[in-house]
Amino acid sequence: MKTLKGPAIFLAQFIDNTAPYNTLENISKWVKSLGYVGVQVPTNDPQFFDMQKVAESKTYADEIKGRLAEIGVEITELSTHLQGQLVAVHPTYDKLFDGFAPAAVHNNPKARTEWAIDQLKLAAKASANLGLNAHATFSGSLLWHMVYPWPQRPAGLVETGFKELANRWLPILDEFDRYGVDVCYEVHPGEDLHDGVSYERFLEAANNHPRACLLYDPSHLLLQGMDYLSYIDHYHERIKMFHVKDAEFNPTGKQGVYGGYSNWLDRAGRFRSLGDGQVDFKSIFSKLAAYDYEGWAVLEWECAIKNSVDGATEGAQFISDHIIKVTERAFDDFAATGSDEAFNRNLLGI
């Protein structure tokens, strides 16, 4: 068994134009003061993190690693959640998702998709230059508007959608394979990869690509009413990243999973700061340790009630308290009598 690494924190929800949240070094100093030793870095803002420069220059990548090492933190993974979303966008969402892309490709879905694919390929090389072996992203979606369809879906529609999604991702997955980095899809409502069944559909369409892995975030599974613990049993070999994020689901006679278009505060299902929700993290950390998960435990803070600074402050200690330093010997070794083949045969009477 292996001891999880951490605590680490995903920076996306904390970046701001005011200190200490305005630069990678400043925010790293802040999270280090809270007890974090790793940072997961979003890549959509070149002013905060210049992914292209990191991909093009190993020297520059080493400089960033060195500056962060002096602070006492390291980069755990890079994230292209926003760019990955744009690999596949249904026309219904074009206007909304144009905001994730440069102005030059707005109102041009084909160019936007090409830009997103190029971004993912840059992320593969940037990750390799930083010495990382896993990468966080979204799958994008062509089918989400059909998740609960009326009228019914035409025969073959789902298969066609996943075939197209896989065709867009296969060149990206091959590029990550070239650099020895796993692509970890955050299974998430709004994405075509939103649960285990949809992930398996994608795997089948992508020829079970070895780099098509998973970012495990129990909050998204709890809010769908899924068994987020047995999910680990099913997919532990593909789980290469872990977002430590809490949630609660309290359905009523008026609303359930879909939320009735309510805002986050008024939804039956909502994200919460660590320890304020319903996720059984003791069991999660135990399962991941038992399955030899080698990666980081990364806080992703999202909460409908608590402020982000308190969430981050409490989260570092919460993760530290849940990381299990795994045993190096069996608990009953003290009672061992030793054995060899002859002794074992004698005990069996053979």
Side-chain angles (χ1 to χ4, degrees), residues 42-44 51-52 54-56 77-91 93-94 97 100-101 105 108-130 132-147 153 156-217 234-241 295:
T43 60
N44 55 296
M51 182 170 66
Q52 182 163 348
V54 173
E56 293 174 349
E77 302 96 4
L78 301 181
S79 153
T80 54
H81 282 83
L82 300 191
Q83 300 98 312
Q85 180 75 63
L86 301 184
V87 170
V89 175
H90 187 271
Y93 304 103
D94 271 338
F97 284 141
F100 290 177
V105 297
N108 189 338
K110 184 175 184 295
R112 185 185 60 207
T113 297
E114 291 171 353
W115 173 83
I117 291 171
D118 287 343
Q119 284 282 294
L120 266 294
K121 290 180 177 180
L122 274 178
K125 189 172 182 181
S127 295
N129 280 349
L130 290 166
L132 307 177
N133 58 18
H135 179 77
T137 196
F138 280 147
S139 68
S141 174
L142 301 172
L143 286 163
W144 180 251
H145 65 296
M146 287 288 183
V147 73
R153 289 184 293 255
L157 179 73
V158 172
E159 291 76 11
T160 299
F162 275 98
K163 181 179 179 181
E164 175 62 23
L165 188 68
N167 286 342
R168 297 187 190 191
W169 275 101
L170 278 169
I172 300 169
L173 291 167
D174 287 343
E175 187 74 359
F176 273 88
D177 192 40
R178 175 185 170 196
Y179 289 105
V181 180
D182 292 322
V183 176
C184 300
Y185 296 103
E186 182 170 357
V187 168
H188 189 294
E191 309 301 318
D192 280 345
L193 277 61
H194 58 270
D195 60 10
V197 173
S198 56
Y199 172 63
E200 290 178 11
R201 289 182 186 274
F202 177 74
L203 268 187
E204 182 179 4
N207 304 317
N208 290 299
H209 200 289
R211 297 296 176 184
C213 295
L214 290 166
L215 188 167
Y216 175 69
D217 183 333
H234 288 298
Y235 303 115
H236 60 90
E237 292 180 351
R238 292 276 185 168
I239 293 173
K240 305 296 183 180
M241 291 178 59

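Computed from a prediction, not measured in an experiment: that's the story for all the values here. The first residue of the sequence shown is numbered 1, and numbering continues consecutively from there. The analysis underlying the following values was restricted to heavy atoms, covering all of them including side chains, and did not include hydrogens, waters or symmetry mates.
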Go through the steps to decide whether Val89 and Thr113 satisfy the test side chain to side chain contact (heavy atoms under 4.5 Å, CB included), and finish with yes or no. CA-CA 8 Å; Val89 175; Thr113 297; over 6 Å; no
Between Gln119 and Leu82, is the side chain to side chain contact (heavy atoms under 4.5 Å, CB included) condition met? List the steps. CA-CA 10 Å; Gln119 284 282 294; Leu82 300 191; over 6 Å; no
Starting from the C-alpha separation in whole Å, work towards a yes-or-no answer on side chain to side chain contact (heavy atoms under 4.5 Å, CB included) for His194 and Val147. CA-CA 10 Å; His194 58 270; Val147 73; 4.1 Å; yes
Pair Arg112, Asp94 - check side chain to side chain contact (heavy atoms under 4.5 Å, CB included), show working. CA-CA 10 Å; Arg112 185 185 60 207; Asp94 271 338; 2.5 Å; yes
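Listed for the His135 side chain is no donor-acceptor partner under 3.5 Å among the backbone atoms of Val183.
Using modelled atom types, one finds a donor on one side chain and an acceptor on the other under 3.5 Å when comparing Thr137 with Thr80. With hydrogens and angles left out, the side-chain atoms of Asn44 and His81 include no donor and acceptor closer than 3.5 Å.
When all heavy atoms of Leu86 and Ala101 are compared, the closest pair comes out as CD1-CB, 3.7 Å. Across all their heavy atoms, Ser139 and Asp192 have their closest contact at OG-N, 3.7 Å. Considering every non-hydrogen atom in both Thr43 and Ser79, the closest pair reads OG1-O, 2.7 Å. Pairing each heavy atom of Ala55 with each of Asn129, the nearest pair is O-ND2, 3.0 Å. Here the closest heavy-atom approach between residue Val181 and residue Arg211 is recorded as O-CD, 3.2 Å. Closest of all the heavy-atom pairs between Leu165 and Ala88 is CD1-CB, 3.5 Å.
With a 4.5 Å cut-off on side-chain heavy atoms, Arg238 and Asp182 do not count as touching. Contact of the Met51 side chain with the Gln83 side chain is registered, since non-hydrogen atoms from C-beta on lie closer than 4.5 Å. For the pair His209/Asp177, a side-chain contact is recorded, criterion being any heavy-atom separation below 4.5 Å from C-beta on. Side-chain atoms of Leu193 and Phe162, non-hydrogen and from C-beta on, do get closer than 4.5 Å to each other. In this structure the side chain of Arg168 reaches within 4.5 angstrom of the side chain of Leu142, judged on heavy atoms. For the pair Ile117/Ile172, a side-chain contact is recorded, criterion being any heavy-atom separation below 4.5 Å from C-beta on. In this structure the side chain of Glu186 never reaches within 4.5 angstrom of the side chain of Glu191, judged on heavy atoms.
Below 30°, between 30° and 60°, or above 60°: for Phe97 and Phe100 the angle between ring planes is between 30° and 60°, a tilted geometry. Under the 30°/60° scheme for interplanar angles, the aromatic rings of Trp169 and Tyr185 are found to stand perpendicular.
No more than 12 heavy atoms of other residues, nucleotides or ligands shown are found within 6.0 angstrom of CZ on Arg201.
For the side chain to side chain contact (heavy atoms under 4.5 Å, CB included) test, residues two or more places apart in sequence or in another chain that qualify with Pro189 are Trp144, His220, Gln224. In this structure, the side chain to side chain contact (heavy atoms under 4.5 Å, CB included) partners of Ala128, at least two apart in sequence or on a different chain, are Tyr179. Not counting sequence neighbours, the partners of Arg178 by the side chain to side chain contact (heavy atoms under 4.5 Å, CB included) test are Glu175.
Taken to the nearest 0.5 Å, the CZ atom of Phe176 stands 11.0 Å off from the NZ atom of Lys121. To the nearest 0.5 Å, the span separating NE2 on His145 from CG on Leu143 amounts to 7.0 Å.
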